[in-house]
2 protein chains.
Amino acid sequence: MPTKTVDRRIERTRQLLQEALIAVILEKGFEAATVQDVIDRANVGRSTFYAHFQDKEDLLLSGFEHLWAEFEKHLNAASANNEGPWGLSLSMFQHAESQRRLYKAMAGKQGGNIALTYIQKYLSGYLTDHLKQQLAKRKKGFPPEILSYHIASSFISLLTWWLDNDSTYSAEQMNDFYRQLVEPGVNMIMQNG
Amino acid sequence: MPTKTVDRRIERTRQLLQEALIAVILEKGFEAATVQDVIDRANVGRSTFYAHFQDKEDLLLSGFEHLWAEFEKHLNAASANNEGPWGLSLSMFQHAESQRRLYKAMAGKQGGNIALTYIQKYLSGYLTDHLKQQLAKRKKGFPPEILSYHIASSFISLLTWWLDNDSTYSAEQMNDFYRQLVEPGVNMIMQNG
DNA sequence: TAAGTAATCAAACATAGTGTTCGGAAACGT
DNA sequence: ACGTTTCCGAACACTATGTTTGATTACTTA
């Protein structure tokens, strides 16, 4: 197999920019962050930034994709224990716990909507697949898109609350809260649909 | 009583700017909107804008405060029917239904977080007061701030879903969905806390 | 370790938006 | 019709964006 080495400078520049963006987000929020802030903090030339990324959204997205890939590794590693919607949420709480700084910057209120929108869509998709069969049985049931949307956004709002408030509850506790809040309503709807 | 007339020009300028902002938000979103966009659309001089508002946030806030005052009128008018958390949510769905365009611009995904943050805090406050007594009884109960936060943000996410998707469900239907999703979990927690 | 390649940098530039100031013109209320 | 207030437009300094250039630096590989 070909040694696919990436030029050390590229690696370093990208890391510097990623880290600088995280720091700026935590300081003043993603919306208020400017490319200028980032390159100043990273000590990287202006033209160098634009050689790597189109804009700050692109930079954030690149970092998020990396984080998400790590999450999926974690998810697969724990797949034995963490199946179903409540296992998926637990995995995400756990991964967020192990990467608090990054999650706070990307999935906190300061982080804008890029990561949150992605997660929302991911969860909605997963839930739609997962609940499809059971909802298919019912005729005039509860609107499935609202159900999926609710389960997903409830998770997200708990996650961001947890991150923004630097809450000391464990990932497992947060997932328990999440289940206690959401599961009863979902069960009622699945039964009576 | 003193006739408290406001100069017609002031009234007109403010209205033009408000409406222009709504239009721009619906077109490209609040974050992307610029003061330049607004004054171009409103056909108002640059210095005139700054004579009335500090920036686009200020302009949005001013419009939101007006809308919110109208909501509170509606709420008081319906107070007989709409008591408790689920009555409050119904009132808000109803008011949103009667002012869809404004609500979509301010409380939709395109509208930024100014209005949503305000509503979130308002609801959380209301719920904290309203649930305080019942939660006080329990000792090691469910964290009340998480409970309030969840009830409020579930409402908000349903509202924005409704607005963003131009859903044709009625305000009453939306409130039913909201109750079905959220009430069972809340009741479980209040009983077993 | 030397040679060639590739990334970085600073500087300059055009563009766009921000927020303020000013005097003259227009619209307003009484 | 008068005096007051608002509006306008032009100018200005400032900050940030996104691109281009050629010289410099640092990396890879042979």
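Heavy atoms only: backbone and side chains are in, while hydrogens, waters and symmetry mates are out. Within every chain, numbering begins at 1; the chains are lettered A, B, ... in the order of the sequence lines, protein sequences first and strands thereafter. Just so you know, these numbers come straight off a predicted model, no measurement behind them.
- Note: CD (A:Q36) to C1' (C:dA10) measures 13 Å, nearest angstrom.
- Salt bridge annotation for A:D166-A:K104: present, with a cationic side-chain nitrogen under 4.0 angstrom from a carboxylate oxygen.
- Side-chain N/O atoms of A:T48 include none lying less than 4.0 angstrom from OP1 or OP2 on C:dA7.
- Across all strands shown, B:R12 has heavy atoms under 4.0 Å from sugar-phosphate atoms exclusively, and none from any base.
- Rounded to an integer number of Å, the gap from CD1 of B:I39 to C1' of D:dC7 is 13 Å.
- Between B:F71 and B:W68, the ring planes are tilted. Angles from 30° to 60° get that label.
- Rounded to whole angstrom, the span from the CZ atom of B:R8 across to the C1' atom of C:dA26 amounts to 14 Å.
- Atom CG in B:L16 sits about 10 Å away from atom P in D:dC7, given to the nearest Å.
- Rounded to a whole Å, the CG atom of B:L59 is 13 Å from the P atom of C:dG19.
- When the side-chain nitrogen and oxygen atoms of B:T5 are compared with OP1 and OP2 of C:dG29, none of them lie within a distance under 4.0 Å.
- B:K56 places a side-chain N or O within 3.5 Å of a backbone atom of B:A33 that can act as its donor or acceptor partner.
- Residue order along DNA chain D, read from the 5' end via each residue's closest nucleotide, puts A:A33 first among A:A33 and A:S47.
- In this structure, B:R9 reaches the bases: a heavy-atom distance under 4.0 Å links it to at least one base atom across the strands shown.
- Protein atom CD of A:Q15 is 17 Å distant from nucleotide atom C1' of C:dT8, rounded to whole Å.
- Applying the 4.0 Å criterion to OP1 and OP2 of C:dG19, one finds that B:Y50 has a side-chain N or O inside that range.
- Heavy atoms of B:D37 sit nowhere under 4.0 angstrom from any nucleic acid atom.
- Remark: P of D:dA16 and CD of A:E31 are 16 Å apart, rounded to the nearest angstrom.
- Side-chain contact check for A:E172 and A:Q94: at least one donor-acceptor pair (N or O, by modelled atom type) lies under 3.5 Å.
- Using a 4.0 Å heavy-atom distance criterion, A:N43 is classed as a sugar-phosphate-only contact.
- Here the two rings, on A:F177 and B:H150, have centers that are 6.0 Å apart or farther.
- Of the candidates C:dC28, C:dG19, C:dT8, the closest approach to any side-chain atom of B:R46 belongs to C:dG19.
- Listed pair A:H52 / C:dT8 meets the phosphate criterion, a side-chain N or O lying under 4.0 Å from OP1 or OP2.
- Between B:D7 and B:K56, the residue anchored nearer the 5' end of DNA chain C, judged by the nucleotide with its closest heavy atom, is B:K56.
- Between the P atom of D:dT6 and the CD atom of B:E11 lies a distance of 13 Å, rounded to the nearest Å.
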